[in-house]
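Only one structure is covered here, and it is reproduced in the block below.
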Amino acid sequence: MSNDPYSARVRELFDAPAHAGCLGGELCAKVEDQGVRICLCAEPEGGEIRRMRFLAWGCPHVIAAAEAVCAYYEGRSSAELLDFSALDLMQSLSVPVEKTGRILVIEDAVRTLGGIVRDASNLDN
Amino acid sequence: MSNDPYSARVRELFDAPAHAGCLGGELCAKVEDQGVRICLCAEPEGGEIRRMRFLAWGCPHVIAAAEAVCAYYEGRSSAELLDFSALDLMQSLSVPVEKTGRILVIEDAVRTLGGIVRDASNLDN
Amino acid sequence: MTERANLVYLDYAASTPVDPWVAEAMAALMTADGNYANPSSTHIAGRRSVEHIEHATGQLAGLLNTAPECLIWTSGATESDNLAILGAAHYRQDRGRHLVTMRTEHKAVTDPFKALQKQSFDVTWLDPEADGLLDLAKLKAALRSDTQLVSIMHVNNETGIIQDIRRIGELCREHGCLLHVDAAQSVGKLPIDLATLPLDLMSMTAHKVYGPKGIGALYIAPRPGVHVEPLLFGGGQQRKLRPGTLPAQQIVGFGAAAAIAQSRMSDDFRHLSAMRERLWSGIRDIPGISTNGAIESAFPGILNVSIEDIEGESLLLALEPLCVATGSACNSKTQEPSYVLRALGRSDELAQSAIRFSFGRPTRPQDIDLAIDLYRNAVARLRGMSPERAA
Amino acid sequence: MTERANLVYLDYAASTPVDPWVAEAMAALMTADGNYANPSSTHIAGRRSVEHIEHATGQLAGLLNTAPECLIWTSGATESDNLAILGAAHYRQDRGRHLVTMRTEHKAVTDPFKALQKQSFDVTWLDPEADGLLDLAKLKAALRSDTQLVSIMHVNNETGIIQDIRRIGELCREHGCLLHVDAAQSVGKLPIDLATLPLDLMSMTAHKVYGPKGIGALYIAPRPGVHVEPLLFGGGQQRKLRPGTLPAQQIVGFGAAAAIAQSRMSDDFRHLSAMRERLWSGIRDIPGISTNGAIESAFPGILNVSIEDIEGESLLLALEPLCVATGSACNSKTQEPSYVLRALGRSDELAQSAIRFSFGRPTRPQDIDLAIDLYRNAVARLRGMSPERAA
Ligand SMILES: Cc1ncc(COP(=O)(O)O)c(C=O)c1O
Ligand SMILES: Cc1ncc(COP(=O)(O)O)c(C=O)c1O
């Protein structure tokens, strides 16, 4: 439907958030802002992210964005988390302007997670 | 129809004004007032009105009232013309209040005609 | 209508039947198997209603060659006229309190101006020439530095006279004031290209063009300074300019009517011209008959004639079962002679004898022939009773 | 609706489908074989339109046990609310400029009051108790010698809470001020006897009670001092209180809907009560769920529930294909938490999680059962993702 507030991609991610959940470890970034609460956790393996999960309280765009982010980073270098920019995500999910603040909360969470993972691996080395 | 501005009686009289016309004689009352023009004429015979006719420029209530008056007086004593009151007529034709002034013009014409007929018969005697 | 066979309806300027396609489109938005949801609702059903409304808005915008965003839905031309006139006058009152309109406007225009006069706005009332047209020199002379709004109708509802909106609009632009146009009688009937017409506000209604009664629209030009203050306050619908649940079935009805009108406009025009010509040919030889307004300046859907020595109300009754108007439908109940015809310089008596015949898509030549017979007979019959003619 | 089979519509408080009989009655006034004439026209066809309108006015008056003369047709409850509030406040401003209303009113009421505040009227905004009801002592305390108008709705559109209009009206009468009641959600659903209810102005709309969208009415009590100034000016229709061509098919639709509602009222009430009971029984055991407003004070056509640790917008999407409302349909587009629920003392987060289920004649037990399943699953799924609950 042309006036659907959610793009097909948002609906898809929201309906089947395969990465919803918690890994229970310590590599976990919790951010709360703009009425959004998000918790991102990662399981790195040799500089790569093997698994990444999210918990979120927020609107469908927030949940879809969190799911997209987790799916994207699995298999990638954990260092990339630090450079994450939500801009592409906002575009690919057609996030309406009034919600951009919420997606920036996710950006914040991803970068925070990147820092936590980096700090943890520095400790390991 | 309940909201018909004209009663069945008005429609009947308006549709078949058998007494519309002019007798061409001198016993003729012309009155003009309230945007109504009326001309009533009578043909008396021995104190009785044998024929009575009207010409009128006015709304359907005026034409119906003129027709009713003519039909009523034929066969009656011409002296009665002088006593004519339009009240009964207004009721029997369900004349709306805003039009009562116009029907009074007819009352005026009938009485005027009564005077003309009386004067003429005084002259005859 | 019940016993419709008896009636001859020649009052399409008062209202038209709804086109069967329009009725069908409307029905689909009403009952339980249709799209009945509130378009303000964000769920799927609500969004489907919105789609229907957007489609209809596109249809009306298409007819007028403008953008859907420029259209506000209202309950009819009366509300559109009020929203335009009261709304623009109030919004722009700091720019000046002088307003200009014509005496021959519909009451939905004259009455808001009278209301503004009571609020100490200064209104200049222009008279038309005897042919019904506005003399542009008079308009030009009326415009002042504090004039902020001019309202001139497109097609007059009583006489059919078409004003030259383009030139009037150009004058207004030159003087920096807004032009509002009541186009209730012309939308869907005459070409209106809002992309090029220099007007700022335009009122419309569906029921004059085979759409439903009770739905209208206001066009607001996308120009700086063109804006209205709302008359109603409530839910934020229509950018707060006109709140209330959008009546989806009504809007869809107007939209469908607009689309049909667009595709049929030239055929309709030809048909109406033929009907008017047939009627006028059939009665123009009656002594004392004349048209109100110049026939060559009039929209062919309307023929308004006056006749000497005939009282209007009796004429109307004598014409039954012909359904026609004396004066405008909206004041037929008052028995005063039409102020529109008076403004053309007609005497009270001639104005009162006026009959407005108006034609529509369903009008057939035999309807016209019957109207001719009925009119000729009625005139003859009433003249036979008239103190002047009969004597 | 297209693919309607998929949708479960439980949003009857936003809008209802038009009853098939209503649609039929409307169709008969639209197309060329129907009574499409302008009711302002005095000819036979016009008078037939008037007859239909009078019949419909009688139907609505009958439902409310009042005289047809007390009803004014409008384009909906939004216009009726505005006409009542702006119209009475302006008409009576010499008697005092103090007005009283509640914070939980519909925007069609609160927004005209805000407009009046800008015109230096003094408005007291009463808060409801936590159960949604107005404390009459608070109302009494708010009334002043210069209070001229009180506006309290009958059934709240979000919570279904029913205010005690009779006692509120008695208080207003004692204090010599007018009472306006927005009855958009109650007309045809709860008994309203205007012959005995002490209220002065009442707003109604057809589309909440199986009539068409875009037609409403305002009741004006036949009491000295009860009057409104018009918002629109134009043709003299409706005693100049609300001009414009009367939309005959819309009025006939409202009339027919009123007649049906009158005959079905107690059956409808029983049905709605059963549907609400079934739904509430199916979800009340979910941890953290609560009703907004006391269920025993609410009209059974509405069940509004909030739930902890669930974000409302995601809940609404997770509930698809269930069509329900968050907050009122009229502000569903804004993402702010409902001001009505905030006024009941609910937190922003609880208010935002609110879902308004509303039931109608077509609602079947299996619709409710599906709604229960969808709601339970959606809550479980979202809580599974929630940082609080999942951890
Ligand atoms: C020129 C004109 N303006 C305004 C109106 C009022 O339109 P509506 O009946 O839609 O309010 C009409 C018709 O009645 C009209 O002919
Ligand atoms: C309580 C209440 N008042 C007013 C309105 C506005 O009604 P309408 O859509 O007819 O303008 C509504 C519904 O939208 C309502 O629920």
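Note on naming: letters A, B, ... go to the chains in the order of the sequence lines (proteins, then strands), and numbering restarts at 1 for each one.
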Asp111(C) side chain vs Phe233(D) backbone, donor-acceptor pair below 3.5 Å: no
Spatial distance of atom CD (Gln250(C)) from atom CD (Gln249(D)) [nearest 0.5 Å]: 5.0 Å
From CD1 (Ile251(C)) to NZ (Lys213(D)), nearest 0.5 Å: 10.5 Å
Interface moiety of Ala115(D) toward chain C, non-hydrogen atoms closer than 4.5 Å: side chain
Reported CG-to-CG distance for the pair Leu231(C) and Leu231(D), which is rounded to 0.5 angstrom: 7.0 Å
Close aromatic pair by centroid cut-off 6.0 Å: Tyr36(C) and Tyr9(D): yes
Structural part of Leu316(C) lying under 4.5 Å from a heavy atom of chain D: side chain
Part of Ile215(C) within contact of chain D (heavy atom distance under 4.5 Å): neither
Atom of Leu7(D), atom of Ile44(C) and distance for their closest heavy-atom approach: CD2-CD1, 3.8 Å
When Gly360(D), Gly244(D), Cys323(D), Pro20(D) are compared by non-hydrogen pairs under 4.5 Å with chain C, the top option: Cys323(D)
Donor-acceptor pair, side chain of Asn38(C) and main chain of Ser15(D), under 3.5 angstrom: no
Residue list, side-chain hydrogen bond (donor to acceptor under 3.5 Å, both in side chains) with Gln119(C), at least two apart or on another chain: His90(C)
Gap between atom CD of Gln237(D) and atom OG1 of Thr78(C) - 0.5 Å precision: 6.0 Å
Engaged part of Thr16(C) at the chain D interface, taking heavy atoms whose separation is under 4.5 Å: backbone
side-chain hydrogen bond (donor to acceptor under 3.5 Å, both in side chains) involving Glu79(C) - partner list, sequence neighbours excluded: Ser75(C), Arg242(C)
